[in-house]
Amino acid sequence: MTILASFLAGCSDNTSSINPQEAAIIASQTTESGYDLGACTADKVGTEVLVYEEMAYYICTQSGAWTHISVRDYLASDAESSSSEVSAVTLSSSSSEEIPTEESSSSGPSIDSSSESSGDSSNSGHSDVEASSSSEGTILSSSSSAVEISSSSTASVAYSSSTIPELFFTSTASVQKCPVSISASSSMLDITPNDWAAQDSAGHRLANGGAYLRVIPGGSYTLSFNKTSGHQAPVLYLQQITTRSNRKTYYVPAVDTLGRWFYSFTLPESRTNALASYLTALYNESDCSLFAEETPQVHLSGFGSYSSHFEVNLIIMGKYMGTSDGLSAEALAEALESRFNLAFAGSDVTVDKVNLLYSTDHPTYGSSFSEDEPYVLAASLYQTDYEQVSNWSGYENSLDIILGYYINKENVLGFAPRFGASLNGSTGGYSYVIIGTHYKSDLSSSKTYNQSSDAIVETIVHESGHYLGLRHTSSSMNDMANTIDKSNVEDGLGDTPYCAAVNTSTDYGNCGDRYNLIFPYSTDGYAEDSYTPNQLELIQKNLMLMEH
């Protein structure tokens with residue numbers, strides 16, 4: 001699912017350096033493109049929302065109103081007050097384009113509202129970003145003198161991309177820290193950990209700031225790609241994408257082995273260990289020039305030490321509207337726990353408990369919801385209601401399943417970010433996926449279609465797979481458009497067959513992956529019992545990166 005708005009939790013009001021003549025105070029709670037920002041209350045002062053469709057920030061200020069400012073002005077303003085680590089940030093304008101979204105299938109409801117690209121991916125093609133950095137920054141060490149496999153589970157890789165070893169290099173090495181100028185392309189590519197898709201576009205853009213890594217502080221990572229014959233290994237430069245003055249920059253030396261260059265690094269833990277994005281560049285250490293060659297077969301491995309066990313909160317929004325087979329909310333929660341653990345069978349991933357919660361019982365925001373009225377779900381991940389109920393004292397560090405009446409988009413059953421990366425709603429970001437008990441095939445009609453309990457829990461397991469990093473087994477055209485890489489026709493895993501009929505026909509009943517849990521269309525409650533071994537390994541690695 002493409003996220004059109006990114007939630008960034010701030011600790012203070014960051015608007016002091018913004019020219020008030022360049023900003024407009026937004027008195028309403030809804031942006032011009034329709035995002036519900038919620039109330040700008042005292043506890044949200046400093047909260048920033050980046051709306052990519054508008055290329056603008058909305059910032060909750062001490063005046064009790066949202067302040068709107070363009071990305072150009074905001075980044076330039078931040079650069080004026082930043083440390084010497086970043087000497088200038090400018091933004092050149094280009095024509096605005098709408099972010100593509102997936103059309104509903106004419107043959108029935110689709111599970112996702114759009115392609116499941118991750119997090120706050122900036123895919124919209126609105127502008128070019130140029131950032132110059134001084135040579136200050138941290139060298140993140142890697143060296144061929146000590147090679148470690150991060151865990152025994154990675155000693156042999158059964159993926160179709162098994163020629164790419166997953167190694168972590170631990171020794172220190174020094175590099176020449178060069179001033180780096182990053183010129184980002186108008187369409188940014190995001191690279192998430194443990195993703196085995198082809199990533200051909202990343203092979204063209206990794207070197208010159210056209211791609212960025214989406215990583216969680218505290219985790220250990222190895223970025224690798226095929227080496228270029230006749231060239232010395234370049235240095236990997238990482239620059240954090242943030243509006244904060246303490247923007248971080250890192251320099252990572254290469255290890256040259258097995259026909260590839262490997263860049264291993266561990267990011268220091270942060271206060272929240274929330275998902276972070278880093279622009280990439282590669283430069284030649286000899287003369288500080290940018291590395292201009294392609295970087296084929298890009299892959300990012302991620303390793304963490306958190307538990308592979310977790311809890312799930314099933315949060316009933318408003319009135320519970322039931323299932324077509326009459327299952328109670330309590331029975332649905334029990335069925336969900338069983339279905340999750342059936343899906344995770346054969347791995348160390350376990351759902352220890354499904355907590356059944358009602359939005360009306362929320363200790364802070366319960367009065368905002370009615371137990372007598374059905375709750376219609378907006379087709380956007382950034383909604384104040386979702387954020388509020390996912391921040392529930394005593395139920396932190398869980399995956400939140402927000403269950404409402406229906407999603408306000410035709411033929412959509414549920415949606416989630418790919419690699420959501422946060423299991424704690426109090427830290428900001430998205431700790432939830434969105435599901436309806438019903439769906440609509442025509443928003444202009446009052447008719448809704450009730451789903452069976454099997455179909456609902458199957459959709460939840462599907463969306464949770466996206467949250468934990470899985471792509472659709474066979475990508476739709478809109479999946480590929482939203483990730484800006486048409487080479488990603490499949491997930492790259494060896495045990496999930498690809499079916500071209502997803503894009504060439506409405507008759508995909510004979511697809512080999514038709515009943516896989518992450519097939520892009522509803523399986524009507526008849527999905528295979530579990531994820532495949534390759535899918536399970538990917539899920540476990542990503543789950544162990546997420547603080548919980």
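Note: Phe303 and Tyr221 fail the aromatic proximity criterion, with ring centroids not under 6.0 Å apart. When ring centroids are compared, Tyr358 and Phe369 stay outside the 6.0 Å threshold. Taking the six-membered ring where the residue is Trp, the centroids of Tyr405 and Tyr375 are separated by 6.0 Å or more. In this structure, His548 has its ring center at least 6.0 angstrom away from the ring center of His309. Taking the six-membered ring where the residue is Trp, the centroids of Phe419 and Tyr467 are separated by 6.0 Å or more.
Between Gln199 and Asp195, the side chains place a donor N or O and an acceptor N or O closer than 3.5 Å (distance only, hydrogens not considered). Between the side chains of Asp491 and Thr496, at least one donor N or O lies within less than 3.5 Å of an accepting N or O.
In this structure the side chain of Tyr531 reaches within 4.5 angstrom of the side chain of Ile518, judged on heavy atoms. Contact annotation: the side chain of Ser476 approaches that of Asp479 to within less than 4.5 Å [non-hydrogen atoms, C-beta and beyond]. Asp372 has its side chain out of reach of Lys319: every pair of non-hydrogen atoms, C-beta onward, lies at least 4.5 Å apart. In this structure the side chain of Val461 reaches within 4.5 angstrom of the side chain of Phe340, judged on heavy atoms. At least one side-chain heavy atom of Tyr498 sits less than 4.5 Å from a side-chain heavy atom of Val489. Residues Arg418 and Thr192 have side chains in contact (heavy-atom distance under 4.5 Å, counting atoms from C-beta outward).
Between the OG atom of Ser431 and the CG atom of Asn397 there is a distance of 9.5 Å, given to the nearest 0.5 Å. Atom CG in Leu189 sits 9.0 Å away from atom OG1 in Thr280 (nearest 0.5 Å). Between atom CG of residue Leu423 and atom CZ of residue Phe310 there is a gap of 7.5 Å, rounded to the nearest 0.5 Å. Note that CG of Asp485 is 9.5 Å distant from CE of Met480, once rounded to the nearest 0.5 Å. Once rounded to the nearest 0.5 Å, the distance linking CG of Leu327 with OG of Ser453 reads 4.5 Å. Here CE of Met317 is found 14.0 Å from CD of Glu373. Values are rounded to the nearest 0.5 Å.
No donor-acceptor distance shorter than 3.5 angstrom exists from the side chain of Lys440 to the backbone of Tyr449, with no hydrogens or angles considered. Between the side chain of Ser308 and the backbone N or O of Asp348, at least one donor-acceptor pair lies under 3.5 Å. In this structure a side-chain-to-backbone donor-acceptor pair under 3.5 Å is missing from Glu537 to Thr532. In this structure, the side chain of Asp352 does not engage the main chain of Glu311 through any donor-acceptor pair within 3.5 Å. Side-chain atoms of Asn534 come within 3.5 Å of backbone N or O of Gly494 as a donor-acceptor pair. Formation of a donor-acceptor pair under 3.5 Å by the Ser347 side chain with backbone atoms of Phe344 is found in this model. Formation of a donor-acceptor pair under 3.5 Å by the His462 side chain with backbone atoms of Leu517 is found in this model. Side chain of Ser398 to backbone of Asp400: no donor-acceptor contact under 3.5 angstrom is found. A distance-only check finds no donor-acceptor pair linking the side chain of Asn194 to the backbone of Leu538 [under 3.5 Å]. Within the 3.5 Å criterion, the main-chain N or O of Ser328 finds no donor-acceptor partner in the side chain of Glu330.
Relative orientation of the Tyr386 and Tyr432 rings is perpendicular, given thresholds of 30° and 60° on the angle between their planes. A tilted orientation is assigned to the rings of His362 and Tyr365, their planes being inclined by 30° to 60°.
Of all heavy-atom pairs between Ser264 and Thr222, the closest is OG-OG1, 2.8 Å. The shortest heavy-atom contact between Asp513 and Ser474 is OD2-OG, 2.6 Å.
Electrostatic pairing of Asp454 and Arg339 does not count as a salt bridge here, judged by no charged N lying under 4.0 Å from a carboxylate O.
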Worksheet item: How far apart are the C-alpha atoms of Asn450 and Ser324, what are their side-chain angles, what is the distance that settles it, and do they pass the side-chain hydrogen bond (donor to acceptor under 3.5 Å, both in side chains) test?
Response: CA-CA 5 Å; Asn450 197 187; Ser324 62; 5.0 Å; no

Practice prompt. Would you sort out whether Asn355 and Leu314 count as a side-chain contact (heavy atoms from CB on, under 4.5 Å), showing the intermediate values?
Written response: CA-CA 6 Å; Asn355 303 300; Leu314 179 60; over 6 Å; no

Practice prompt. Walk me through it: do Ser277 and Arg214 pass the test side-chain hydrogen bond (donor to acceptor under 3.5 Å, both in side chains)?
Written response: CA-CA 5 Å; Ser277 297; Arg214 295 186 53 74; 2.9 Å; yes

Discussion item. Determine whether Asn313 and Leu399 satisfy the following criterion, side-chain contact (heavy atoms from CB on, under 4.5 Å), listing intermediate values before the conclusion.
Written reply: CA-CA 6 Å; Asn313 298 328; Leu399 176 58; over 6 Å; no

Item to complete: Might you work through the side-chain contact (heavy atoms from CB on, under 4.5 Å) test for Ile456 and Leu403, ending with a clear yes or no?
Response: CA-CA 10 Å; Ile456 292 169; Leu403 184 67; 4.3 Å; yes

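The number of heavy-atom neighbours closer than 6.0 Å to CG of Asn510, taken from other residues, nucleotides and ligands shown, is 12 or below. For Glu371, the CD atom is loosely surrounded, since the number of other residues' heavy atoms within 6.0 Å does not exceed 12.
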